[in-house]
Amino acid sequence: RRRIRGDHIGLVFQREGLFSGMSVRDNVRWPLMSGGMSRQAATDRADAVLERVSLRPDRDVTTLSGGERKRLALARTLGPDPSVLLMDEPFTGLDPRSLEGLLRLAVDLASEGERTLVMVTHQRADIDRLGDHVVLMSEGQIAAAGDRETMTEALDRFLEGSDLQ
């Protein structure tokens, strides 16, 4: 499994899959230690990524809001510093304030140029704000693909439920 996934690919699931019996820090630190990182190095890395997503390390997971849970899931994924970040509907179910904060963080991550973000979304605003290259999928097949500017009309038709032709 490690050969398939590796530390270079990080996954942010739509449902966060957090460890509710652990602190926020331990949710980030435990996977790092499981991968062979020393406790001190994992703690330092966890605290750094938690600061990046604006979460206190000592919080209990059960006290987090929906937006905080999404930020913790992102922090856990950023722990091993992946070069590719796969995000499945990362902004669903968030209040406007949490959504804006998480979008800003995603824009920052994308603009750093150190990693590739691949995001599944059904929201036009997410595509407009984050997308450089758009791939439209229909029934498990690529229906159209290209840079965002050339895909504008196809994207509009696709989101309206019209035929792409």
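In this chain, residues are counted from 1 in sequence order.
Side-chain contact check for D26 versus V61: every heavy-atom pair is 4.5 Å or farther apart. Side-chain contact between L72 and V28 is present, with at least one heavy-atom pair separated by less than 4.5 Å. Taking 4.5 Å as the limit, some side-chain heavy atom of R97 sits within range of a side-chain heavy atom of D95.
The side-chain contact (heavy atoms from CB on, under 4.5 Å) with N27 is formed by just one residue from the set L64, L50, L18; it is L18. Residue R29 forms a side chain to side chain donor-acceptor pair (under 3.5 Å) with just one option from D44, T43, D47, and that option is T43.
Between K70 and P90, the closest heavy-atom pair is CD-O, 3.3 Å. Between S138 and A143, the closest heavy-atom pair is CB-CB, 4.2 Å. Taking every heavy atom of both residues into account, M151 and A144 meet most closely at CE-CB, 3.6 Å.
Note on D58 versus R56: salt bridge recorded, some NZ/NE/NH1/NH2 to OD/OE distance being below 4.0 Å.
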Subject >> Intermediate values then yes/no, side chain to side chain contact (heavy atoms under 4.5 Å, CB included), T121 and F91 >> reply: CA-CA 8 Å; T121 185; F91 309 123; 5.5 Å; no
**OP:** Go through D108 and R52 one step at a time and tell me if the side chain to side chain contact (heavy atoms under 4.5 Å, CB included) criterion holds.
**Re:** CA-CA 10 Å; D108 289 348; R52 175 104 196 252; 4.1 Å; yes
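Note that CZ of R59 and CZ of R25 are 13.5 Å apart. Values are rounded to the nearest 0.5 Å. To the nearest 0.5 Å, the span separating CG on L99 from CZ on R104 amounts to 10.0 Å. Separating the OG1 atom in T77 from the CE atom in M87 is a distance of 8.0 Å, to the nearest 0.5 Å. Here CZ of R45 is found 13.5 Å from OG of S38. Values are rounded to the nearest 0.5 Å. Remark: L32 CG to R39 CZ distance equals 12.0 Å, nearest 0.5 Å. Taken to the nearest 0.5 Å, the CE atom of M119 stands 10.5 Å off from the CG atom of D88.
Partners of R115 by salt bridge (Lys or Arg N to Asp or Glu O under 4.0 Å), not counting sequence neighbours, listed by chain and number: D81, E112.
The number of heavy-atom neighbours closer than 6.0 Å to CD of E100, taken from other residues, nucleotides and ligands shown, is above 12. Residue E149 places its CD atom among more than 12 non-hydrogen atoms of other residues, nucleotides or ligands, all under 6.0 Å distant.
Side-chain atoms of S20 never come within 3.5 Å of backbone atoms of T62 as a donor-acceptor pair (strictly under, hydrogens ignored).
No chain of hydrophobic side-chain contacts below 4.5 Å, direct or via other Ile, Leu, Val, Met, Phe, Trp or Tyr residues, connects M33 to M22. Both V107 and L85 are members of a single hydrophobic cluster when ILVMFWY side chains are connected at heavy-atom separations under 4.5 Å.
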